[in-house]
2 protein chains.
Amino acid sequence: MFNKETEYALRGLVYVQFQQMLGHKPGIVEVAREIEAPLFYTGKILQRLVKMGFLMSTKGKGGGFYFDTTKPDLPLKTVVQAIEGDKTYAGCGFGLKECGDENPCPLHEQFAPIRAAINKLIGQNTVQSLAHDFRKGGTILGL
Amino acid sequence: MFNKETEYALRGLVYVQFQQMLGHKPGIVEVAREIEAPLFYTGKILQRLVKMGFLMSTKGKGGGFYFDTTKPDLPLKTVVQAIEGDKTYAGCGFGLKECGDENPCPLHEQFAPIRAAINKLIGQNTVQSLAHDFRKGGTILGL
DNA sequence: TTATTAAAACACCAAAAGGTCTTTTAATAT
DNA sequence: ATATTAAAAGACCTTTTGGTGTTTTAATAA
């Protein structure tokens, strides 16, 4: 579905938010271990998320990653869009730029409801809502 | 949705089948032009499809690509699977190997119906059915 | 004020995806 | 037979993705 960077980013963000709910500010080593993603790559991705403004961080002792609680909840779609663009949830199955309701590819009509469902899913679910679900147990973030 | 190779392959296959319905056996140059894909890359992809047994070809004068009409219709899923595996229509949104009904990621339940719909779509539609639709007009294969 | 800690910055590397081009082989029409 | 045509084979090349590692900077606790 999504590329590796997006997958690690989503899992990492949900994990950080989950820890924040517990009053903890995790660092790169902890996040990478818990979401079972490559250590250095996870660090790079978290830092990119900070630069993109999705996440905050502090250096030094007691440092780590956390969310600005004054900001609104973060929809998955916003993160996906920022990392890999809209190719996953928009765009034609045949790769045609002109494909649309007026000028459809042979799959367009059948694909439209699926695309709409994906859009809805990643537009409505947020890092916060998923962290909340995760906290209640029954879901996993690693392996 | 799909990667470039898959997109060009699907468009190319549908175009070849469409031409076959008209009693014509197109070559690389014609296919690449009509589906508006890179010439040499299209050639490479069509040749791969021949090696994979999805398509037939003859060299020399009057040569080109065509389908073995004694074979059953070719579902898109078979082509997609052969080129890029099942990552697009199977697998977890969070990239977790263990994710499933027993051990779900936070998105699993919501994603399940979408994956099922994609599976159905590419499992039911075939190169032949799309070529038939294309022949009736109203759909495009290029741009 | 100086160790210590942890993120930021940056350099680098490997594999895969996407794409181009030339040479070889096979079919066919003359 | 041979010229012509068109696919097959294969050698490269570029960009993107995925990943690793070291050095620098900033925060804090002692």
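Below, read A as the first sequence line, B as the second, and so on, with proteins coming before strands; counting in each chain starts at 1.
Between B:Lys4 atom NZ and D:dT17 atom C1' there is a gap of 16 Å when expressed in whole angstrom units. The nearest whole Å value for the distance from the CG atom in A:Leu46 to the P atom in D:dG19 is 14 Å. One interatomic measurement links the two molecules: CE of B:Met52 to C1' of D:dA7, which rounds to 16 Å at whole-angstrom precision.
Comparing A:Asn3 and A:Lys61 along DNA chain D, the residue whose closest nucleotide (by nearest heavy atom) sits nearer the 5' end is A:Asn3. Judged by closest nucleotide on DNA chain C, A:Phe65 is the one of A:Phe65 and B:Gly60 placed further toward the 5' end.
Among the heavy atoms of the strands lying under 4.0 Å from A:Val50 are primed sugar atoms or P, OP1, OP2 only; no base atom is included. Nucleic acid contact for A:Gly43: none, since no nucleic acid atom lies under 4.0 Å from a heavy atom of the residue.
Between B:Asn125 and A:Gln110 the shortest side-chain heavy-atom distance falls below 4.5 Å.
Residues A:Leu74 and A:Val50 share a single hydrophobic cluster, defined by chaining ILVMFWY side chains whose heavy atoms lie under 4.5 Å apart. A continuous path of hydrophobic side-chain contacts links B:Tyr8 to B:Leu39 [ILVMFWY only; heavy atoms under 4.5 Å].
Side-chain N/O atoms of A:Tyr8 include one lying less than 4.0 angstrom from OP1 or OP2 on D:dG19. A sub-4.0 Å separation between OP1 or OP2 of D:dA7 and a side-chain N or O of B:Gln47 is absent.
In this structure, A:Asp133 has no side chain to side chain donor-acceptor pair (under 3.5 Å) partners at least two apart in sequence or on a different chain.
Using modelled atom types, one side-chain atom of A:Asn119 and one backbone atom of A:Tyr89 make a donor-acceptor pair closer than 3.5 Å.
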Return the polar atom pairs (N/O with N/O) between nucleotides 20-24 of chain D and the protein under 3.5 Å, or none.
| from | atom 1 | to | atom 2 | distance (Å) |
| --- | --- | --- | --- | --- |
| D:dT20 | O4 | A:Lys44 | NZ | 3.3 |

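Atom NZ of A:Lys87 sits in a crowded spot, with more than 12 heavy atoms from other residues, nucleotides or ligands closer than 6.0 Å.
For the residue pair A:Glu98 and A:Glu102, the shortest heavy atom distance occurs at O-OE1, 4.3 Å.
A 4.0 Å heavy-atom criterion places the boundary nucleotides of DNA chain C facing chain B at C:dG18 to C:dA29, written 5' to 3'.
A salt bridge does not link B:Glu36 to B:Arg11: none of the charged side-chain nitrogens sits closer than 4.0 Å to a carboxylate oxygen.
Between the side chains of B:Glu30 and B:Tyr15, at least one donor-acceptor pair of N or O atoms lies under 3.5 Å.
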